[in-house]
2 protein chains.
Amino acid sequence: MKKQPAPDLNSLQKLENQLCFPLYALSRRFTKAYQPLLQELDLTYPQYLVLLLLWEHGQLTVKALGEKLLLDSGTLTPLLKRMEQRQWVSRQRDPRDERSVVIALQPPGKALQERATRIPELLAAQLNMTVPEFEALRGQLYTLLNQLT
Amino acid sequence: MKKQPAPDLNSLQKLENQLCFPLYALSRRFTKAYQPLLQELDLTYPQYLVLLLLWEHGQLTVKALGEKLLLDSGTLTPLLKRMEQRQWVSRQRDPRDERSVVIALQPPGKALQERATRIPELLAAQLNMTVPEFEALRGQLYTLLNQLT
DNA sequence: TTAAATTTAGTTGCACACAATTAAGTTTGA
DNA sequence: TCAAACTTAATTGTGTGCAACTAAATTTAA
């Protein structure tokens, strides 16, 4: 039950008073912080996200990956083809529903998991946040994500 | 003086426990929320950010735009050339320092300001947040941005 | 049953992002 | 002074993102 849906409208025309800009900038800075760690594995950040899901689930359809990552086939198809070229994943039509393409983790992709183990903690260490702060912020971001989805 | 720099490491390998993914997804969702409003002005979100700064400052160098937006010339140069083609901005070398290029707002670019007035409040209305919540979140995002910059 | 609607990936085209490099201009320090 | 170091944009090349569209497979509803 929120009372004031719109904050301080007069100054919202300024970049630094908006919410979207720091999200946009911080998202890119985060990706850049991952970059030196991912570069050692020859991975981009979106490719790393796909692998995180496949390390957990083994295989997922393009549709399922798109739902979890909020990406569409226009982004995923070429990205997954590059990952297929490196033998990290396989791509094949589901025989039970030929519309679906199943992306399955392959041994070279599985082998990256071990090398990536410490990435999350190395990133978290750069943030200087407590666990409750971290979890509260994450919760707020997911709440907003639900608002906009 | 933070006591616990790294949160709950065991589960950080999962997408939904990380901070970067919701930032990445939310940033893109926000841009998508702006899109129908910006489309009426034939603007992309990064172009809109450039105009926000030029509406405030009149003119800025490429370097200054890059510092404020955390974007480099590889992104800005082609973007600004597209904005120049539409007569929204001019691009000229600073005679006092020929290395610098000054981006100056032009009348058609200035004219967009009025048409964009209500964009921030229309966006804010979709968030269902109070002013204090909004400001607290913005503050946290800027704090993190400073950590990573 | 079967034509229409829906679902799922893929394709196309455009606009970012950014690393790496280049080129030109300016500052500096021995 | 003047060569080296630094600063600033531009360029090149790669990889996303996403809107719009296409094509094939499946589901649906009359």
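Below, chain A is the first sequence line, B the second, and so on; all start at residue 1. The model shown is predicted, which means the values in this text are computed figures rather than measured ones.
Contact annotation for A:Ser100: backbone-only contact, meaning every heavy-atom pair under 4.0 Å involves sugar-phosphate atoms and none involves a base. At the heavy-atom level, B:Gln47 lies under 4.0 Å from the strands shown only through sugar-phosphate atoms. As judged by a 4.0 angstrom heavy-atom cut-off over every strand, B:Thr44 is placed among residues touching the sugar-phosphate backbone only. Note on B:Thr61: only backbone sugar-phosphate atoms sit closer than 4.0 angstrom, heavy atoms only; bases stay farther off. Among the protein residues, A:Leu70 comes within range of the sugar-phosphate backbone only, with heavy atoms under 4.0 Å from sugar or phosphate atoms but none that close to a base.
Look at CG on B:Asp94: it is 17 Å from C1' on D:dA10, rounded to the nearest Å. Rounded to whole Å, atom C1' of C:dT11 lies 12 Å from atom CZ of A:Arg91. At whole-Å resolution of the value, CG in A:Asp72 and P in C:dG10 are 12 Å apart. Whole-Å rounding puts the A:Gln39 CD to C:dA19 C1' distance at 9 Å. As a whole-Å value, the separation of A:Tyr34 OH from C:dA17 P is 20 Å. Put simply, CG on A:Leu80 is 16 Å from P on C:dT8, counting in whole angstrom units. Nucleotide C:dT28 holds its C1' atom 12 Å from the CZ atom of B:Arg99, rounded to whole Å. Put simply, CG on B:Leu76 is 14 Å from C1' on D:dT11, counting in whole angstrom units.
Between B:Arg82 and A:Thr77, the residue anchored nearer the 5' end of DNA chain C, judged by the nucleotide with its closest heavy atom, is A:Thr77. Nearest-nucleotide positions on DNA chain C place B:Gly74 closer to the 5' end than the other of B:Glu98 and B:Gly74.
Across C:dA9, D:dA10, C:dC16, the shortest atom-to-atom separation from the side chain of B:Arg93 is found for D:dA10. Candidate nucleotides C:dC16, D:dC18, D:dG15 were compared by shortest atom distance to the side chain of B:Thr75, and C:dC16 ranks first. Minimum atom distance to the side chain of B:Ser73 is reached by D:dT11, of the listed D:dA20, C:dA15, D:dT11. In this structure, the nucleotide among D:dG17, D:dA20, D:dT16 sitting nearest to the side chain of A:Leu79 is D:dT16. With D:dC18, C:dG25, D:dT26 as the candidates, the nucleotide lying closest to the side chain of A:Leu71 is D:dC18. Relative to the side chain of B:Lys81, the nucleotides C:dC16, D:dA24, D:dA10 differ in distance, and D:dA10 lies closest.
The existence of a salt bridge linking B:Asp94 and B:Arg99 is excluded, since no basic side-chain nitrogen approaches an acidic carboxylate oxygen closer than 4.0 Å.
When only modelled atom types and interatomic distance are considered, B:Gln35 and B:Lys32 share no side-chain donor-acceptor pair under 3.5 Å.
The ring of A:Tyr45 has its center no closer than 6.0 angstrom to the ring center of A:Phe30.
Classification of the A:Tyr48-A:Trp55 ring pair by plane angle, with boundaries at 30° and 60°, yields perpendicular.
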